[in-house]
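Worksheet: one structure, shown below.
Please read these numbers as outputs of a predicted model, since none were measured by experiment. In this chain, numbering begins with 1 at the start of the sequence shown.
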Amino acid sequence: MFDLTNKVAVITGSGSQSGIGFATAKILAKAGANIFITSTTDRILDRIHELRGLFGKDRVEGLPADLTDEKQVQKLVYETQRSFSKVDILVNNAGMVQVGHDQPSSKFEQLTLESWNYGININLKSTFLVTRYFLPEIKRQQIGRIVNISSVTGTLVGINGSTVYSSAKAAILGLTRSLAIEEGKHGITVNCVGPGWIKTGSSSDDEVRAGNFTPVGRSGTPEEIAHTVLFLASEEASYVTGQMIVVDGGNTVQEYKVQLDNS
């Protein structure tokens, strides 16, 4: 099951050793896929080195790229094709934060056009550009998988001070549904994963504590998101499209977010 042998997968936002992108790259490579990874900084070179140590030099490539820059996205497509000659799977994971750019949460009244554009660009514009330029390459295979990492924030719930992030993640779900309708006849499925509280290197103490109040009683792991991506990227998910799979430990189904003494 979930055999990706001879498939080529592109995973964006893979620079963090403890993040969802890198975990996804490892899981897809373990399933047999050749991997092309990217992030905004040169730390992606360390992740490439680690993956090559696990899966072999010939199966892993990557480069740093600013995915809000159209020319750099075009270069990413070119280098992926030059390395592996095709693309079967695209995982749009980049977004949320960028290394070296501090963008604190702001309430709507405090938002500037600059901060709005920045949040929309790194989350939504990047997903648009990468998908727009990889889609023709995926269509050449007459079968393909696009998996967008959205969030429960914006699509199902809201957070005080996260208007921009919520708006972008909700829009990614809308993009997913429309693209699924357009590309289904070409053998391409397009789906979302909606993570809840996932403990990564960028998680704040408050976010980690919030995970303790889920029905499961803990934050999720990047690997738990990655295994969901693996399913959606596989042949076994061939009749699943236009959907968002929520991976949040049951947090969005409960009304009380604190533990009550009724156990």
Side-chain angles (χ1 to χ4, degrees), residues 1-67 69 71-94 99 126-127 129-149 187-189 193 200-201 221-238:
M1 293 180 66
F2 307 144
D3 183 6
L4 301 183
T5 302
N6 296 323
K7 300 292 185 180
V8 175
V10 176
I11 304 104
T12 68
S14 300
S16 171
Q17 192 175 34
S18 62
I20 290 171
F22 188 56
T24 298
K26 287 188 288 186
I27 293 295
L28 298 192
K30 188 176 180 179
N34 296 320
I35 301 295
F36 200 103
I37 58 175
T38 184
S39 73
T40 53
T41 69
D42 285 342
R43 65 178 178 167
I44 197 67
L45 303 178
D46 294 328
R47 305 292 84 78
I48 293 168
H49 178 73
E50 292 173 47
L51 289 173
R52 285 176 172 174
L54 293 170
F55 303 106
K57 183 177 180 180
D58 295 338
R59 291 185 53 204
V60 181
E61 293 289 347
L63 53 74
D66 179 354
L67 301 182
D69 184 317
K71 290 188 186 316
Q72 292 190 45
V73 172
Q74 290 173 315
K75 180 182 178 182
L76 173 64
V77 176
Y78 172 80
E79 292 295 339
T80 304
Q81 283 285 31
R82 191 169 70 89
S83 297
F84 295 118
S85 302
K86 66 169 186 168
V87 181
D88 303 284
I89 300 161
L90 171 62
V91 182
N92 283 306
N93 173 65
V99 171
S126 61
T127 298
L129 285 176
V130 173
T131 304
R132 176 64 185 83
Y133 282 104
F134 271 108
L135 182 60
E137 307 305 325
I138 297 172
K139 288 174 76 167
R140 294 186 211 282
Q141 310 312 311
Q142 299 183 332
I143 184 171
R145 303 283 183 265
I146 298 173
V147 183
N148 298 320
I149 306 301
I188 298 172
T189 65
V193 178
T200 69
T221 68
E223 288 74 20
E224 287 170 318
I225 302 300
H227 278 104
T228 307
V229 174
L230 173 61
F231 166 66
L232 292 173
S234 71
E235 177 60 29
E236 285 77 3
S238 57

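Screening residues 222-234 for salt bridge (Lys or Arg N to Asp or Glu O under 4.0 Å) gives R218-E224 as the qualifying pairs, with residues at least two apart or on separate chains. Legend: salt bridge (Lys or Arg N to Asp or Glu O under 4.0 Å) pairs involving residues 82-94, not counting sequence neighbours, sorted by first then second residue: E79-R82, K86-D88.
R52 is linked by a salt bridge (Lys or Arg N to Asp or Glu O under 4.0 Å) to E61, counting only residues two or more places apart in sequence or in another chain. Looking at residues two or more places apart in sequence or on another chain, you find no side chain to side chain donor-acceptor pair (under 3.5 Å) involving S83. Legend: residues meeting salt bridge (Lys or Arg N to Asp or Glu O under 4.0 Å) with K75, ordered by chain and number and at least two apart, are absent. Here R132 pairs with nothing under the salt bridge (Lys or Arg N to Asp or Glu O under 4.0 Å) rule; sequence neighbours left out. The side-chain contact (heavy atoms from CB on, under 4.5 Å) search around I143 returns K7, R145, E235, not counting sequence neighbours. Taking the salt bridge (Lys or Arg N to Asp or Glu O under 4.0 Å) definition, one finds that E236 meets it with nothing, sequence neighbours left out. Legend: residues meeting side-chain contact (heavy atoms from CB on, under 4.5 Å) with E50, ordered by chain and number and at least two apart, are Q17, F22, D46, R47. For the side-chain contact (heavy atoms from CB on, under 4.5 Å) test, residues two or more places apart in sequence or in another chain that qualify with D3 are T5. Residues meeting the side-chain contact (heavy atoms from CB on, under 4.5 Å) test with S14, sequence neighbours left out: I11, I37, I44.
A side-chain N or O of T131 and one of N92 form a donor-acceptor pair less than 3.5 Å apart.
Residues I35 and F55 form no side-chain contact, since every pair of their non-hydrogen atoms from C-beta on lies 4.5 Å or further apart. Contact of the L63 side chain with the I48 side chain is not registered, since no non-hydrogen atoms from C-beta on lie closer than 4.5 Å.
Judged by distance alone, the side chain of S18 and the main-chain N or O of G201 form a donor-acceptor pair under 3.5 Å. No side-chain donor-acceptor contact under 3.5 Å links Q72 to the backbone of A65.
Here T12 contributes atom OG1 and N148 contributes atom CG; the two are 9.0 Å apart, rounded to the nearest 0.5 Å.
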